[in-house]
> 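The structure under discussion is supplied below as structure tokens; questions concerning it will follow.
Being a predicted model, the structure only gives us computed values, none of them experimental.
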Amino acid sequence: MDQHQDGHDAPARGDYLDRLLQVLESVAKARRPLTLSEICRELSLPMTTVHRLLVALWKTGVLQRDNRRRYLLGGRLVALITEPDDSGNDAS
């Protein structure tokens with residue numbers, strides 16, 4: 001396991017990705033905007049960890065933040081989900 005500059009162990013890459021997906025799933029399942037505190041409670045993760053993950057998802061457009069600092073699915077993710085398949089492959 002790698003270490004942060006402060007000497008604490010950094011989560012393995014797989015753990016980081018897993019936590020990103022946990023946050024994303026939490027927001028998606030809620031079907032309403034969630035606050036940082038709500039996500040922390042649901043996932044039983046520290047606020048600093050969840051905040052770091054939310055910022056990463058927000059900066060990439062996967063999540064968006066409203067004027068009340070609540071998080072919801074972002075335009076980039078919605079576009080991926082709703083974009084028609086141009087590959088010619090039928091998914092059914």
Side-chain angles (χ1 to χ4, degrees):
M1 191 175 280
D2 296 331
Q3 285 196 340
H4 284 290
Q5 290 176 346
D6 63 6
H8 290 95
D9 289 335
R13 292 245 186 251
D15 292 342
Y16 180 73
L17 181 57
D18 185 54
R19 287 181 177 175
L20 277 172
L21 291 172
Q22 287 176 357
V23 169
L24 188 56
E25 287 174 349
S26 177
V27 172
K29 287 178 184 177
R31 301 199 184 267
R32 66 176 179 82
L34 295 177
T35 65
L36 170 62
S37 296
E38 290 173 318
I39 297 167
C40 291
R41 271 194 306 274
E42 182 178 331
L43 300 178
S44 299
L45 290 172
M47 191 169 284
T48 54
T49 299
V50 174
H51 183 263
R52 185 179 67 247
L53 297 166
L54 286 169
V55 168
L57 291 165
W58 175 62
K59 283 185 174 182
T60 59
V62 174
L63 292 181
Q64 66 184 44
R65 190 172 68 190
D66 68 12
N67 59 354
R68 294 175 57 195
R69 300 181 71 107
R70 298 174 305 171
Y71 294 89
L72 58 153
L73 297 181
R76 187 172 185 185
L77 182 62
V78 172
L80 285 171
I81 294 169
T82 59
E83 195 169 279
D85 182 11
D86 292 339
S87 68
N89 295 328
D90 187 8
S92 51

> Just one of Arg70, Arg32, Lys29 clears the salt bridge (charged side-chain N to carboxylate O under 4.0 Å, His left out) bar with Glu38, so which one?
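Going through the options one by one, the only one that passes is Arg32.
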> To the nearest 0.5 angstrom, please state how far the SG atom of Cys40 sits from the CG atom of Leu34.
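Here the rounded value is 11.0 Å.
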> Kindly indicate whether the side chain of Leu73, heavy atoms from C-beta on, has any atom under 4.5 Å from the side chain of Leu24.
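Side-chain contact under 4.5 Å: yes.
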> Any chain of hydrophobic side-chain contacts (each under 4.5 Å) joining Leu20 to Ile81?
yes
> Under the 3.5 angstrom rule, does the side chain of Thr60 hit a backbone N or O of Ala56 as a donor-acceptor pair?
yes
> Using the rule that two of Ile, Leu, Val, Met, Phe, Trp, Tyr join whenever any of their side-chain heavy atoms come within less than 4.5 Å, decide whether Val55 and Leu45 are in one cluster.
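Each belongs to a different hydrophobic cluster.
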> Measuring only between side-chain heavy atoms, which start at C-beta, is Arg68 closer than 4.5 Å to Pro33?
no
> Should Leu54 and Val78 be counted in the same cluster of Ile, Leu, Val, Met, Phe, Trp and Tyr side chains packed under 4.5 Å apart?
yes
> Within this structure, what is the CG-CZ distance for the pair Leu57 and Arg65, rounded to the nearest 0.5 Å?
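Going from CG on Leu57 over to CZ on Arg65, the span is 13.0 Å.
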> Are any of the side-chain heavy atoms of Tyr16 and Leu53 separated by less than 4.5 Å?
yes
> At what distance, to the nearest 0.5 angstrom, does CZ of Arg41 lie from OG of Ser26?
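Between atom CZ of Arg41 and atom OG of Ser26 there are 10.5 Å.
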> What pairs with Glu25 under side chain to side chain donor-acceptor pair (under 3.5 Å), at least two apart in sequence or on another chain?
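With sequence neighbours excluded, Glu25 shows a side chain to side chain donor-acceptor pair (under 3.5 Å) to no residue whatsoever.
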> Between Leu77 and Leu63, is any pair of side-chain heavy atoms under 4.5 Å apart?
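Not touching, per the 4.5 Å side-chain cut-off.
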> Among Val50, Val27, Leu43, whose side-chain contact (heavy atoms from CB on, under 4.5 Å) with Gln22 holds?
Leu43
> Does any part of the side chain of Leu36, heavy atoms only, come nearer than 4.5 Å to the side chain of Arg69, both counted from C-beta?
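The answer is no, as the side chains (C-beta and beyond) never meet within the 4.5 Å cut-off.
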